[in-house]
There are 2 protein chains.
Amino acid sequence: MSARSGVPNDPGRRERIIQAALELILDEGVAAASHRVVAARAGVPLGSMTYHFSGLDEIITEAFRLLVSRLSGRYKDGLHSSKSLTEARESIVEIICGDEFITPREMAGIFELYSYGRCSRDSAEIASSWMDISHSALTEHFTPASARAVDALIEGWTIHHHLGGVAPDRDLVRSAVTAVTSLND
Amino acid sequence: MSARSGVPNDPGRRERIIQAALELILDEGVAAASHRVVAARAGVPLGSMTYHFSGLDEIITEAFRLLVSRLSGRYKDGLHSSKSLTEARESIVEIICGDEFITPREMAGIFELYSYGRCSRDSAEIASSWMDISHSALTEHFTPASARAVDALIEGWTIHHHLGGVAPDRDLVRSAVTAVTSLND
DNA sequence: CCGGTGCGTGTACAAATGTACACTCTGTGC
DNA sequence: GCACAGAGTGTACATTTGTACACGCACCGG
């Protein structure tokens with residue numbers, strides 16, 4: 001060891017860049033996420049991009065990792081705090097109909113992830129892990145079969161909710177959720 | 001009118017460009033769809049791009065229009081030919097579990113459409129019309145409420161099917177479809 | 001056969017991109 | 001105080017991009 005022994009000048013800068021990249025992706029899409037635009041949004045010089053990341057792909061991938069991490073945190077919390085089957089079902093109704101678990105911007109980010117995953121192995125793994133996480137959060141409360149069905153219902157209905165812009169009727173969603181979580185294997 | 005009175009030299013060229021653009025989007029994503037690459041794939045010179053289309057956005061939008069047109073054709077045919085509730089349910093099982101109604105490539109194309117729709121009003125309308133078409137095809141057989149629920153189920157489960165790469169169990173899907181199409185409003 | 005019309009295209013160009021890298025500067029050990 | 005290691009950056013560059021537009025050329029009326 002010698003002078004300047006590996007201590008970064010601005011710790012946390014890498015994280016701030018990733019956050020800026022995610023915000024940008026949620027607002028404008030992956031297509032808008034260039035080194036320069038992300039750097040400007042994060043308030044860091046262009047050189048920081050290539051210094052902290054191996055390339056653009058790594059930045060975008062890390063941004064998606066952050067998105068999935070946030071989402072799965074909320075997901076798990078909501079389902080984990082449910083103490084009964086009824087509460088679990090109500091959590092799911094809230095996930096589908098509410099605006100708390102996932103915002104329209106974040107929903108759009110998930111589409112970007114699914115698209116981007118086609119040309120980035122790392123991002124494909126993140127997309128895959130996101131599906132695993134949501135599925136395993138559901139198996140805490142339901143049978144594997146029911147979990148798969150309700151997982152599909154959540155995925156599809158949140159998409160229709162946020163793409164159409166109008167929240168589905170809570171009673172209808174509750175009925176459907178109850179129906180698919182009452183399947184006998 | 002005078003010489004060369006508006007007769008195109010190569011009718012159908014515009015359509016071939018649109019088809020090439022769609023193929024490219026399905027294979028490589030919207031990000032890869034540049035004027036030059038689409039032109040090369042369609043076997044037409046670069047100048048044809050700006051001659052037949054107002055800009056790149058129009059080409060991509062038309063490609064998505066073609067995709068949705070193909071998909072909704074199959075969709076409608078499958079459901080329209082169903083003569084009973086049971087047959088309609090079986091059609092839906094086939095849509096979700098089969099590889100005929102929508103291929104993995106086309107599924108990916110739908111993601112691209114949902115993403116691209118965020119920055120293109122025309123494409124957003126196409127995405128919206130796709131959801132309308134699938135919904136109205138379902139209301140031929142089910143109540144509006146059931147149609148909404150099964151629509152979400154289809155959307156989510158086809159995504160999980162083609163993103164995960166493994167077809168869901170037909171019996172399970174049939175149970176879930178039957179459950180959500182047996183809701184009393 | 002000839003002139004012109006307008007369909008179709010090759011080329012040119014400004015803007016933006018990802019990335020490499022020579023450089024600066026800060027702080028540390030002696 | 002000094003030299004240096006290494007964190008961090010501004011610039012330069014080759015490439016690719018969308019688009020405009022001046023031209024070529026095939027065809028039709030005469």
Side-chain angles (χ1 to χ4, degrees), chain A residues 1-22 24-25 27-64 112 115-116 119-123, chain B residues 1-22 24-25 27-64 112 115-116 119-123:
Chain A
M1 288 302 157
S2 56
R4 208 80 174 89
S5 58
V7 178
N9 208 351
D10 179 7
R13 162 163 297 194
R14 193 184 140 96
E15 286 309 311
R16 273 189 292 122
I17 293 173
I18 293 171
Q19 285 174 30
L22 176 56
L24 189 69
I25 289 172
D27 283 342
E28 318 263 1
V30 172
S34 71
H35 275 140
R36 285 167 179 81
V37 177
V38 172
R41 187 133 177 171
V44 302
L46 177 60
S48 278
M49 298 291 119
T50 50
Y51 182 74
H52 288 286
F53 301 91
S54 66
L56 196 58
D57 181 68
E58 186 182 352
I59 299 176
I60 292 170
T61 298
E62 291 302 313
F64 281 132
E112 299 282 339
S115 291
Y116 193 75
C119 65
S120 160
R121 179 153 312 197
D122 289 338
S123 286
Chain B
M1 284 305 156
S2 55
R4 209 80 175 88
S5 59
V7 178
N9 209 349
D10 179 7
R13 161 162 297 193
R14 192 184 140 97
E15 286 308 312
R16 274 190 291 122
I17 293 172
I18 293 171
Q19 284 174 31
L22 176 56
L24 189 68
I25 289 171
D27 283 342
E28 319 263 1
V30 172
S34 71
H35 275 141
R36 284 166 180 81
V37 177
V38 172
R41 187 133 179 173
V44 302
L46 177 58
S48 279
M49 297 292 119
T50 50
Y51 183 74
H52 289 285
F53 301 91
S54 67
L56 196 59
D57 181 67
E58 187 182 350
I59 300 176
I60 292 171
T61 299
E62 291 303 313
F64 281 132
E112 299 281 339
S115 291
Y116 192 74
C119 64
S120 160
R121 179 154 311 197
D122 290 337
S123 286

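For the numbers below, each heavy atom of this structure counts, side chains included, while hydrogens, waters and symmetry mates do not. By convention in this document, chain letters (A, B, ...) are assigned in the order of the sequence lines, proteins followed by strands, and residues within each chain are numbered from 1.
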A:Ser48 side-chain proximity, nearest of D:dG18, D:dT9, C:dG10: D:dT9

Pairing residues for B:Arg121 by the side chain to side chain contact (heavy atoms under 4.5 Å, CB included) criterion, not counting sequence neighbours: B:Glu125

Nearest-Å distance for atom pair CD/C1', residues A:Glu58 and C:dG18: 14 Å

A:Ser120 side chain reached by A:Thr61 side chain, heavy atoms, under 4.5 Å: yes

Phosphate OP1/OP2 of D:dA7: any A:Tyr51 side-chain N/O under 4.0 Å: yes

Close side-chain approach of B:His35 to B:Phe53, heavy-atom, < 4.5 Å: no

Out of C:dG18, D:dA7, C:dC13, whichever nucleotide has its closest atom nearest the side chain of A:His35: C:dG18

Interatomic distance where CD1 belongs to B:Ile59 and P belongs to D:dT17 [whole Å]: 13 Å

Nearest-0.5 Å distance, CE of residue A:Met49 to CZ of residue A:Arg36: 11.0 Å

Phosphate contact (C:dC7 OP1 or OP2) by B:Arg14 side-chain N/O below 4.0 Å: no

Minimum side-chain heavy-atom gap A:Arg13-A:Ser48 below 4.5 Å: yes

Nucleotide nearest B:Arg36 when distance is taken to its side chain, options D:dT17, D:dC13, D:dG10: D:dT17

D:dT9 phosphate, OP1 or OP2, under 4.0 Å from A:Arg13 side-chain N/O: yes

Review item, nucleotides 20-24 of chain C N/O atoms under 3.5 Å of protein N/O:
none

Protein-nucleotide distance (A:Asn9, atom CG; C:dG27, atom P), rounded to Å: 6 Å

Whole angstrom value for the distance that separates P of C:dG6 from CG of B:Asp10: 20 Å

Nearest-nucleotide pick for A:Leu56, side chain only, options being D:dT19, C:dG18, C:dT9: C:dG18

Partners meeting side chain to side chain donor-acceptor pair (under 3.5 Å) with B:Arg16 (sequence neighbours left out): B:Asp10

Between A:Asp122 and A:Tyr116: side-chain donor-acceptor atoms closer than 3.5 Å: no

Nucleotide C:dC7, atom C1' - distance to NE2 of B:His52 in whole Å: 9 Å

Protein-nucleotide distance (A:Phe53, atom CZ; D:dT9, atom C1'), rounded to Å: 16 Å

